[in-house]
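For reference, the structure is listed below as C-alpha cells.
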Amino acid sequence: MRTQLEAVVGDQLLLGNPMFVTGGAEAALTARSLLTGATGTVLTSSFGGIGPTLDGGALATAGPSSLDWNIHRITPDGSGGLTTAAVAEVPAAATGVQGLAVAGGELFLYGATPGASLSYSSFQLDAAGRPDGPQTRRSPGLSPSTCLTGDAACPQLEALGDGRVSHLWTGETGQESVVTVGLDTTTVLGAPTDGDSSGRIGGGTGRYVLYNGGSGKQRVVDFPRAATAGETALTRDRAAAAVWGQTLWVPGGTQGQVTGRNLKTGTTTTVATGAPCTPTDIQAVNTWLYWSCGSSAGVYDRATQRRITVPADHGPARLADGFLLRENRTTRELLLSDFHTGTAATRTLVKLPATDQTPAAATAAGPSTASAAPSPTSTARTARSRSSPAASPPRPGRRWRPRPTRRP
C-alpha cells in the first residue's frame, strides 16, 4: 500500500492518501519518526483532506462513518509523539443519484457525494415499496467509464435479486465489460466481452447476467459467489431472451413457443404462450413469461397455464412479479399494468418529460483509486483522482476506499 507524504509535524512524517488499498487493509493516516524510523497509526479511516498548518501542526479528515466525519488537528505532544483532537465536524452531504435499480425488496442507488468516488448503496423496502431503515454501502469506490453521447440509459444497471447489482463498464476505446458488486464493500467482479461494444444488459438474476453485444452476439455471463471473476457461460447470436434463475428463455421452433434451457444441466422445456409471432422481446420473473410482437403482447403464467393479454405500443416495457411497467413514448407516460387476476388493469404512474434527460456526468462504473473529501482549509490538499487504464476491465478482488457514502 503506497502512501504519500502529507506533512511534517515535530519529528514525525505524516503519510496518507494511498493510491489504492488492498483487501483487508484500512486507509489510515500514519506517522514515521525521523529519529528512530518507528511507525504508527495517527488516525484510522482517514483520507481526503490532509495538510500542514502554519503553526507546525496539520489538519486531517477522518471518522468511522459519513455521519461522524470530522476535521482533526494534529500537534506534537512534547515527548516525540503526536496528539490529535477533533476540531470541526464536516456536515453530511447528499448523494447525487446517477442510477437506480430495484429487485428482491432492495433499492440500489448509484452515485457519489461531492468530492467522493462513485459507489453503490442500498435501502431495504417495506411492503409498500418505501425505503425502510438506513442507507447501506454496497460497493467499493468506482471510477467513471465512458458513456456514449446521447445515451440517456447510461449507466445501465441491473439488480440481480440476491443482494448484487450489475452494470456495463466501458473503456475509452468503447470496449465493454460486465461488472457485478454488492456481496461486500470491497470486491468488484468483472467479465470482459472480448472487445464487444455498444451493448446492453438484457436482464439478469442471481449469478447470471444477459449481455446483448453490438456485434450481434449474446452472452450469458456467470458470476458464481465464490469466484474472483465472471466468465461467459454461453455465447449465441443475439435474439430475444431472458434469464430467470438458472434458465435461459428464448423463442422456440414454432410460432408462439418459448423454450427454456437450464444453464447448468442443458435440459430444455417448451411452453406455448399463444403469441402470434416469433417474439421480439421475452422477459421472465418467477412463473411469469412476457412476450411482445411489437403491436401485441402478453404474459404466460407457467404455474396456471394462463395466457393474459397486456397492452402494447412498441415502447419499452419491464416485467415484474404480476406487473408490467411500460413507457408510452407518444403520450410520454409511464404506465403500470396489474395482471395478477388474469386481466390487465392499467393506470398512469407519471407524466414523463418531453425529451430524454441525460445527466451531465452520467457514467457507468469500474474500480477507482480516487477517494477525496473536500479540503478542510486552504492549506490542506484534496486527494488525487485517477481512473482505470483505458479499455482495461475492472480488476477483481481489489478494495478501493472512497469517502463513506452519505445519507441522501
Side-chain angles (χ1 to χ4, degrees), residues 103 158 160-161 166 178 196 199-222 232-328 335-346:
E158 184 73 22
L160 303 178
S166 188
V178 181
D196 214 335
R200 283 283 185 267
I201 290 180
T205 176
R207 61 191 284 177
Y208 296 106
V209 179
L210 184 68
Y211 170 77
N212 292 319
S215 67
K217 291 297 182 181
Q218 186 175 74
R219 297 170 181 270
V220 178
V221 184
D222 186 9
T232 298
L234 178 69
T235 301
R236 60 193 296 267
D237 290 337
R238 183 169 174 171
V243 176
W244 183 260
Q246 296 182 355
T247 303
L248 173 68
W249 293 96
V250 299
T254 303
Q255 178 177 291
Q257 288 186 343
V258 175
T259 297
R261 173 182 174 179
N262 188 297
L263 293 166
K264 296 288 287 184
T265 65
T267 57
T268 61
T269 182
T270 298
V271 298
T273 65
C277 68
T278 299
T280 56
D281 185 16
I282 296 174
Q283 298 181 42
V285 172
N286 287 334
T287 63
W288 308 106
L289 277 175
Y290 167 81
W291 58 264
S292 174
C293 300
S295 59
S296 61
V299 174
Y300 179 78
D301 184 359
R302 294 186 292 113
T304 63
Q305 288 77 53
R306 286 185 301 177
R307 298 172 179 176
I308 306 167
T309 300
V310 296
D313 48 26
H314 296 279
R318 187 65 189 254
L319 180 67
D321 192 0
F323 297 89
L324 183 71
L325 186 66
R326 288 183 300 125
E327 179 186 349
N328 187 316
L335 306 168
L336 182 67
S337 298
D338 182 345
F339 53 80
H340 281 91
T341 62
T343 301
T346 302

Are side-chain heavy atoms of Phe323 and Arg318 found at a separation under 4.5 Å? no

When rounded to the nearest 0.5 angstrom, what distance separates CG in Leu335 from CG in Asn328? 6.0 Å

Which atoms form the tightest heavy-atom contact between Arg326 and Ala317, and what is the distance? CG-CB, 4.0 Å

Minimal heavy-atom distance between Val271 and Trp249, with the atoms involved, is CG2-CZ3, 4.4 Å

Looking at Leu319, Val243, Val299, Leu324, which one forms a side chain to side chain contact (heavy atoms under 4.5 Å, CB included) with Gln283? Leu319

For the residue pair Ala240 and Pro279, what are the closest heavy atoms and their distance? CB-O, 3.5 Å

Taking all non-hydrogen atoms of both residues into account, name the closest pair between Ser166 and Leu160 and its distance. CB-CD1, 4.2 Å

List, one per line, each side-chain donor-acceptor pair under 3.5 Å for residues 210-218, sequence neighbours excluded.
{"unit_1": "Tyr211", "atom_1": "OH", "unit_2": "Glu176", "atom_2": "OE1", "d": "2.5"}
{"unit_1": "Asn212", "atom_1": "OD1", "unit_2": "Gln218", "atom_2": "NE2", "d": "2.7"}
{"unit_1": "Ser215", "atom_1": "OG", "unit_2": "Asp196", "atom_2": "OD1", "d": "3.4"}
{"unit_1": "Ser215", "atom_1": "OG", "unit_2": "Asp196", "atom_2": "OD2", "d": "2.7"}
{"unit_1": "Ser215", "atom_1": "OG", "unit_2": "Lys217", "atom_2": "N", "d": "3.4"}
{"unit_1": "Lys217", "atom_1": "NZ", "unit_2": "Asp237", "atom_2": "OD1", "d": "2.8"}
{"unit_1": "Gln218", "atom_1": "OE1", "unit_2": "Arg236", "atom_2": "NH1", "d": "2.5"}
{"unit_1": "Gln218", "atom_1": "NE2", "unit_2": "Ala239", "atom_2": "O", "d": "2.7"}

Could you check whether any side-chain N or O of Thr287 sits under 3.5 Å from a backbone N or O of Asp301, counting only pairs where one atom can act as donor and the other as acceptor? no

Roughly how far, to the nearest 0.5 Å, is the CZ atom of Arg219 from the OG1 atom of Thr232? 4.5 Å

Return the CG to CD distance between Leu263 and Gln246, rounded to the nearest 0.5 Å. 7.5 Å

As an exercise, state the distance from OG1 of Thr270 to CZ of Arg261, rounded to the nearest 0.5 Å. 13.0 Å

Write down the atom of Ser296, the atom of Trp291, and the distance for their closest heavy-atom approach. O-CZ3, 3.7 Å

Is it true that a side-chain atom of Ser292 and a backbone atom of Gly294 form a donor plus acceptor pair closer than 3.5 Å? yes

Any pair counted as ring pair (Phe, Tyr, Trp, His ring centres under 6.0 Å), so long as it reaches residues 260-288, sequence neighbours left out: Trp288-Phe339

Here the gap from Leu336 atom CG to Thr346 atom OG1, rounded to the nearest 0.5 Å, amounts to 8.0 Å

To the nearest 0.5 Å, how far apart are OG1 in Thr273 and CD1 in Ile308? 12.0 Å

For Arg302 against Asn286, the heavy-atom pair lying closest together: NH2-O, 2.9 Å

Report the residues that fulfil side-chain contact (heavy atoms from CB on, under 4.5 Å) with Ala103, sequence neighbours left out, ordered by chain and then residue number. Ala159

